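Given the structure is predicted, the values throughout are model-derived calculations rather than measurements.
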Amino acid sequence: MRALVFDGTELKYKPFHPDPVPAADEALVQVQLAGVCRTDTEICRGYMNFKGVLGHEFVGTVTRCADRKWVGKRVVGEINCVCSKCDMCLSGLAHHCRQRTVLGIQKRDGCFADLVALPIRNLHLVPPSVAIEQAVWVEPLAAALQVTLQCKIDARSRVTILGDGRLGLLVALVLKRTGCKLQLVGRHPEKLSIADRLGVQSSLQNEFSPKRDQDVVIDCTGRPDGFDYALQVVRPRGTIVLKTTVAGPSPVNLSALVVDELTVLGSRCGPFREALALLESRQVDVSAIAARRVKISQGEEACKAATGGDGAVKALLTFDK
């Protein structure tokens, strides 16, 4: 099969990479479309010390499965593959399984390939009314939804999103539904124009004056200094939600957390069912965020471009022969 493989130093396109061999409880999925995420580019900088097939956002069709009802079905898949036996799994915290592997991130080959193997329990059927161009967004949309599950946000909340890339825009789409007093702060006028079209108030960071008055600040900057800037925006006893993962160290002013009695929440994966339901009911329209299709054979260039100034445009890998 064709695949994009990171060897610990370089990301390489492999036209003849070995096919995955699914375990008894796994399905083999033929990937139709895969999304390039900022996490993928951070892995190429050393994040998680991962080696193998990259990628964790996909939509595809099941080609082989012990449970025959899945064969031929269009699916998306949760990225955490868990043991179901450890203390985390048994206490309802399976996403934090002690033995977990994570698709394209930790000890498990990902979806930047013609085929990917994933546990059957990780699969979710894609409703017929949801096009593949929408379904490929389920994983990052679910991650955006996770913010609302971890942090109470309602019409009275003053909320600032830091970062105008794809994740920041997705979080804005989700939080707009709460009716909160929402603003997005970023560094790129062309990206902020997307927020404006979504009806979300936006500001350039160099024109924005932090007042330490926001109830909730969500760091989607993808930069090591994002957390430090969030400290300048959040009010005392407010909440900072961290969605950023970076390979390098981040400066942290711990004294500010103590003095201002702040709550800091790490936020990772989210609910796939709810994300699919939002897409099916058209309550969230991800087409507002620009995307471009790139052949898997051009995936190296697409991943490099994802770190540049075109960060508001989602690269979607295609697998047509």
Checklist entry - Do Lys51 and Asp7 sit within salt-bridge range, that is, some charged N less than 4.0 Å from a carboxylate O? => result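 Answer for the salt bridge query: no.
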
Checklist entry - Hey, is Arg108 close enough to Glu26 for a salt bridge, meaning N to O under 4.0 Å? => result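 Salt bridge: yes.
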
What are the two closest heavy atoms between [X] and [Y], and how far apart are they?
X	Y	value
Ser129	Glu280	OG-CG, 3.6 Å
Pro140	Leu167	O-CD1, 4.3 Å
Pro119	Cys81	CD-SG, 3.6 Å
Ile120	Ala27	CG1-N, 4.0 Å
Phe58	Gly77	CZ-N, 3.6 Å
Gly226	Asp219	C-OD2, 3.6 Å

How long is the gap from [atom1] on [X] to [atom2] on [Y], to the nearest 0.5 Å?
X	Y	atom1	atom2	value
Phe6	Leu11	CZ	CG	7.5 Å
Gln134	Leu141	CD	CG	9.5 Å
His56	Cys37	NE2	SG	4.0 Å
Gln30	Met1	CD	CE	11.5 Å
Leu169	Ile161	CG	CD1	8.5 Å
Ile105	Leu103	CD1	CG	7.5 Å

Checklist entry - Among all residues two or more places apart in sequence or in another chain, which pass the salt bridge (charged side-chain N to carboxylate O under 4.0 Å, His left out) test with Arg235? => result Asp215

Item to check | salt bridge (charged side-chain N to carboxylate O under 4.0 Å, His left out) partners of Lys12, counting only residues at least two apart | outcome: Glu10

Could you tell me whether the side chain of [X] and the main chain of [Y] form a donor-acceptor pair under 3.5 Å?
X	Y	answer
Arg158	Asp213	yes
Arg45	Glu42	no
Arg268	Ala143	no

Checklist entry - What pairs of residues pass the salt bridge (Lys or Arg N to Asp or Glu O under 4.0 Å) test when at least one of them lies in residues 246-266, not counting sequence neighbours? => result Arg212-Asp260, Arg237-Glu261

Next on the checklist: Working note: Lys304 + Glu301, criterion salt bridge (Lys or Arg N to Asp or Glu O under 4.0 Å); need CA distance, chi angles, decisive distance, verdict.
Outcome noted: CA-CA 5 Å; Lys304 289 176 183 176; Glu301 293 77 12; 6.0 Å; no

Next on the checklist: For a side-chain contact (heavy atoms from CB on, under 4.5 Å) check, start with the C-alpha distance between Phe208 and Gln183, then their side-chain angles and the critical distance, and finish with the verdict.
Outcome noted: CA-CA 11 Å; Phe208 177 71; Gln183 62 180 342; 3.7 Å; yes

Checklist entry - Among Val233, Asp225, Leu231, which residue meets the side chain to side chain contact (heavy atoms under 4.5 Å, CB included) test with Tyr229? => result Val233

Next on the checklist: For a salt bridge (Lys or Arg N to Asp or Glu O under 4.0 Å) check, start with the C-alpha distance between Glu78 and Arg273, then their side-chain angles and the critical distance, and finish with the verdict.
Outcome noted: CA-CA 10 Å; Glu78 299 199 33; Arg273 285 192 180 88; 5.6 Å; no

Checklist entry - Would Arg187 and Arg223 count as a side-chain contact (heavy atoms from CB on, under 4.5 Å) if you check the C-alpha gap in whole Å, the side-chain angles of each, and the deciding distance to 0.1 Å? => result CA-CA 12 Å; Arg187 295 182 172 185; Arg223 301 191 309 271; 3.3 Å; yes

Checklist entry - Taking side chain as C-beta onward, heavy atoms only, is Val116 less than 4.5 Å from Pro20? => result no

